[in-house]
*Asks:* 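Here it is: the structure, laid out below.
The figures that follow rest on heavy atoms only: side chains count, while hydrogens, waters and symmetry mates do not.
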Amino acid sequence: MKTDTNEEISFTNCYAGIYLNKKEGAIALDFKSQEIVLYLNTSLYQAFAWLLQNAHDCKELMNFVNWDVDPTMVSKNSLIEIHGPEHSVCLVCIPGHERVQLNFEIGISVDLKFTDFKGLVDLVSEAQDDLEWRRNLLQWTLKKDVSEHHKKDRNIS
């Protein structure tokens, strides 16, 4: 479900929530089953969204997440890994354990049941499809790039 106010855009379902603060340029990621809230900058959020899109496109992983293949019937040594850009966020799944672990470069790992992971993938896909969400992320990225460019110019002189 999308909620849009002057201060925030949020997408929530019973598994997770993502909240974009329009003024701060910060994104909160709420893992409801784990009772963990992570605050991400735009580049870490983009890496996370990229990772989840690749996870969604990984047929082998999604067969287990959607229970098209029974994870209890696989070898206990089975391992699926997907690495995000520069390993800023990576994913590890051991299907026999029916869990997906998300590892963030900020030193946090979140261990999710398949249902929670599927809910999170669906939620981020919904947000990424939203024009206003993408517009805000793009504006923050452009502002950051412009300010970094000006800092470099000042250091050269």
*Asks:* To the nearest 0.5 Å, tell me how far Cys93 SG sits from Leu102 CG.
*Replies:*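 Cys93 atom SG to Leu102 atom CG measures 10.5 Å (nearest 0.5 Å).
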*Asks:* How close do Gly17 and Thr12 get, counting heavy atoms only, and between which atoms?
*Replies:*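 In this case the closest contact between Gly17 and Thr12 is CA-CG2, 3.9 Å.
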*Asks:* Quick one: are Val100 and Ile94 in side-chain contact, heavy atoms under 4.5 Å?
*Replies:* no
*Asks:* Taking the side chain as C-beta and beyond, is there a heavy-atom pair between Asp30 and Leu38 under 4.5 Å?
*Replies:*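 In short, these two side chains do not touch, never coming nearer than 4.5 Å.
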*Asks:* Would you say that Ile9 contacts Tyr19 through its side chain, given a criterion of any heavy-atom pair below 4.5 Å between the two side chains?
*Replies:*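 In short, these two side chains do not touch, never coming nearer than 4.5 Å.
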*Asks:* Can you tell if the side chain of Ile82 reaches within under 4.5 Å of the side chain of Cys90, non-hydrogen atoms only?
*Replies:* no
*Asks:* Hey, would you say the Trp50 and Tyr45 ring centroids sit under 6.0 Å apart?
*Replies:* no
*Asks:* Within a strict 4.5 Å, meaning less than it, do heavy atoms of the Leu123 and Tyr15 side chains meet?
*Replies:*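 No, too far: nothing below the 4.5 Å cut-off.
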*Asks:* Do Ile36 and Ile18 sit in one hydrophobic cluster, given that two such residues count as connected whenever their side-chain heavy atoms are within less than 4.5 Å of each other, even indirectly?
*Replies:*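 As far as the 4.5 Å side-chain criterion goes, Ile18 and Ile36 are connected within one cluster.
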*Asks:* In a check of side chain to side chain contact (heavy atoms under 4.5 Å, CB included) between Val89 and each of Leu51, Asn103, Ile106, Leu40, which one passes?
*Replies:* Leu51
*Asks:* Below 4.0 angstrom, N of the basic side chain to O of the carboxylate: do Lys118 and Asp122 qualify?
*Replies:*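 A salt bridge links Lys118 with Asp122.
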*Asks:* Please determine whether the number of non-hydrogen atoms from other residues, nucleotides or ligands lying under 6.0 Å from atom NZ of Lys32 exceeds 12.
*Replies:* yes
*Asks:* For residues 8-23, which residue pairs qualify under salt bridge (charged side-chain N to carboxylate O under 4.0 Å, His left out), counting only residues two or more places apart or in two chains?
*Replies:* Asp4-Lys22, Glu7-Lys23, Lys22-Glu132
*Asks:* Side chains of Asp130 and Phe11: closer than 4.5 Å at any heavy-atom pair?
*Replies:*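 Result yes, sub-4.5 Å side-chain heavy-atom pair found.
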*Asks:* Can you find a pair of side-chain heavy atoms, one from Thr115 and one from Phe117, that are under 4.5 Å apart?
*Replies:*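 Thr115 vs Phe117: side chains apart.
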*Asks:* Side chains of Leu112 and Arg99, heavy atoms from C-beta outward: is any pair under 4.5 Å?
*Replies:*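 Counting from C-beta outward, Leu112 and Arg99 never come under 4.5 Å.
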*Asks:* Between Asp70 and Thr72 (side chain of the first, backbone of the second, donor and acceptor by atom type, cut-off under 3.5 Å), is there such a pair?
*Replies:*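 Yes, because the side chain of Asp70 sits within donor-acceptor range (under 3.5 Å) of the backbone of Thr72.
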